[in-house]
Amino acid sequence: MKKYRFISWNVNGIRAVEKKDALKWIDEESVDILGLQEIKAEENQIPKTIFDKEFKFKHINPCSIKGRSGTALYSDIEPFFSDNTLDVDILKEGRINEAHFNFEDKKVAYFNVYFPNGQSKEERLVYKMEFYDRFLEHCENLRKDGFSIIICGDVNTAHTEIDIARPKANENTSGFLPMERDWITNFLAHGYIDTFRYMNKDVKDKYSWWSYRANARANNVGWRIDYFYVSEDLKDNIKEAYILDEYMGSDHCPIALEIEL
């Protein structure tokens, strides 16, 4: 077995992040797989200067509407399959990179996902919940085919009250609605592990997103809406799961998973 380090980050515009040199730290870090969400760019628009590290594999999934959404997966491990998972992302919003890897005796389906935000209007909340359900079904079908699952990304929902600084003030806000939180509970009940909670138990005041308003990040008034999930067969392989809140450049911060495979 070998220990791998995976990083996930919603960059909220990869070109904006590049102007701040906010991804240069990747050159100094050990990163085997990097998942970026909300890149808001097509492949030819991604600056070559975001970092110097040359990954063996790159998969860019832009949104069909220019300047929105989009995901990017960089890996030092060659997959044997990659896909945009259009049976889940039916509006072609560039929300998923799916890549399959062989790790020793395990087949792993790795997902980098930017889940929909439901705050803009009722129709988007409905779409978000449908997207959640399609994604779970897709993962379950892969598990039936013998795959272990690793998921990173912006889930756009804080699961429990300790995952949000002001739960009472946001109980009627999409991202903390009972139906959204119940979906995560149901998802975990299907046999998935929230790696941060698994390793850090009930630690409080650890968030991955802060509003740009009211000096929220400086005051740590945040939400934990970015996750690494693994299927429960990988539970004993988890070594570390943590939040890299020292890195700036987006309204989100990166998160990390270290796992032996």
Q: Could you check Glu123 against Lys121 for salt bridge (Lys or Arg N to Asp or Glu O under 4.0 Å), going step by step and ending with a plain yes or no?
A: CA-CA 6 Å; Glu123 291 86 348; Lys121 53 187 176 180; 5.1 Å; no

Compare all side-chain heavy atoms of [X] with those of [Y] and state whether any distance is below 4.5 angstrom.
X      : Y      : answer
Phe111 : Cys139 : yes
Lys40  : Glu38  : yes
Thr85  : Asn61  : no
Phe196 : Val203 : yes
Leu36  : Leu23  : yes
Ile225 : His252 : yes
Arg181 : Glu161 : yes
Val88  : Val113 : no

What are the two closest non-hydrogen atoms of [X] and [Y], and how far apart are they?
X      : Y      : answer
Ala165 : Asn220 : CB-O, 4.1 Å
Lys92  : Leu86  : CG-CD2, 4.0 Å
Phe147 : Ala109 : CD2-N, 3.7 Å
Asn200 : Ala241 : ND2-O, 2.9 Å
Tyr114 : Ser69  : CE2-OG, 3.8 Å
Glu180 : Ser174 : OE2-OG, 2.7 Å

Q. Within a reach of under 6.0 Å around CD of Glu78, are more than 12 heavy atoms found that belong to other residues, nucleotides or ligands?
A. yes

Q. Are there more than 12 heavy atoms of other residues, nucleotides or ligands under 6.0 Å from atom NZ of Lys20?
A. yes

Test: [X] cationic atom under 6.0 Å from [Y] six-membered ring centre, within 45° of axis:
X      : Y      : value
Arg166 : Phe176 : no
Lys128 : Tyr132 : no
Lys201 : Tyr198 : yes

Q | Donor-acceptor pair, side chain of Asn237 and main chain of Glu260, under 3.5 angstrom | A | yes

Q.
Quick check against the 3.5 Å criterion: does Thr195 have a side-chain atom that pairs as donor or acceptor with the backbone of Phe228?
A. yes

Any chain of hydrophobic side-chain contacts (each under 4.5 Å) joining [X] to [Y]?
X      : Y      : answer
Ile259 : Ile151 : no
Trp223 : Ile255 : no
Ile60  : Val17  : yes
Tyr227 : Leu244 : no
Ile193 : Tyr242 : no

Q: Test Trp209 against every option in Asp226, Asp154, Asp251 by the side-chain hydrogen bond (donor to acceptor under 3.5 Å, both in side chains) rule and name the one that passes.
A: Asp251

In terms of relative ring orientation, are [X] and [Y] parallel, tilted or perpendicular, with 30° and 60° separating the classes?
X      : Y      : answer
His100 : Phe81  : tilted
Phe51  : Phe55  : perpendicular
Phe131 : Phe115 : perpendicular

Which value, rounded to the nearest 0.5 Å, describes the distance between [X] atom [atom1] and [Y] atom [atom2]?
X      : Y      : atom1 : atom2 : value
Phe6   : Cys152 : CZ    : SG    : 9.5 Å
Trp25  : Glu246 : CH2   : CD    : 8.0 Å
Glu258 : Tyr4   : CD    : OH    : 13.5 Å
Ile243 : Ser8   : CD1   : OG    : 11.0 Å
Asp163 : Tyr207 : CG    : OH    : 8.5 Å
Lys58  : Leu34  : NZ    : CG    : 12.0 Å

(Q) So that I can tick it off, tell me whether Arg143 and Glu140 are bridged by a salt bridge, with the cut-off set at under 4.0 angstrom between side-chain N and carboxylate O. (A) yes

Q. So, are Arg217 and Asp245 salt-bridged, with charged N and O less than 4.0 Å apart?
A. no

**Q.** Evaluation steps, side-chain contact (heavy atoms from CB on, under 4.5 Å), between Ile33 and Ile150
**A.** CA-CA 11 Å; Ile33 300 179; Ile150 299 176; over 6 Å; no

(Q) Less than 3.5 Å apart, any donor N or O on the side chain of Asn112 or Thr71 sitting next to an acceptor on the other? (A) no

Q | side-chain contact (heavy atoms from CB on, under 4.5 Å) between His138 and Glu98, worked out | A | CA-CA 11 Å; His138 185 73; Glu98 176 180 353; 2.9 Å; yes

**Q.** Stepwise side-chain contact (heavy atoms from CB on, under 4.5 Å) test for Ile184 and Tyr229
**A.** CA-CA 11 Å; Ile184 293 182; Tyr229 296 121; 3.8 Å; yes

Q.
Would Lys107 and Asp145 count as a salt bridge (Lys or Arg N to Asp or Glu O under 4.0 Å) here? Give the steps.
A. CA-CA 10 Å; Lys107 292 189 304 181; Asp145 289 338; over 6 Å; no

(Q) Walk me through whether Tyr110 and Asn97 qualify under side-chain contact (heavy atoms from CB on, under 4.5 Å). (A) CA-CA 8 Å; Tyr110 194 105; Asn97 306 116; over 6 Å; no

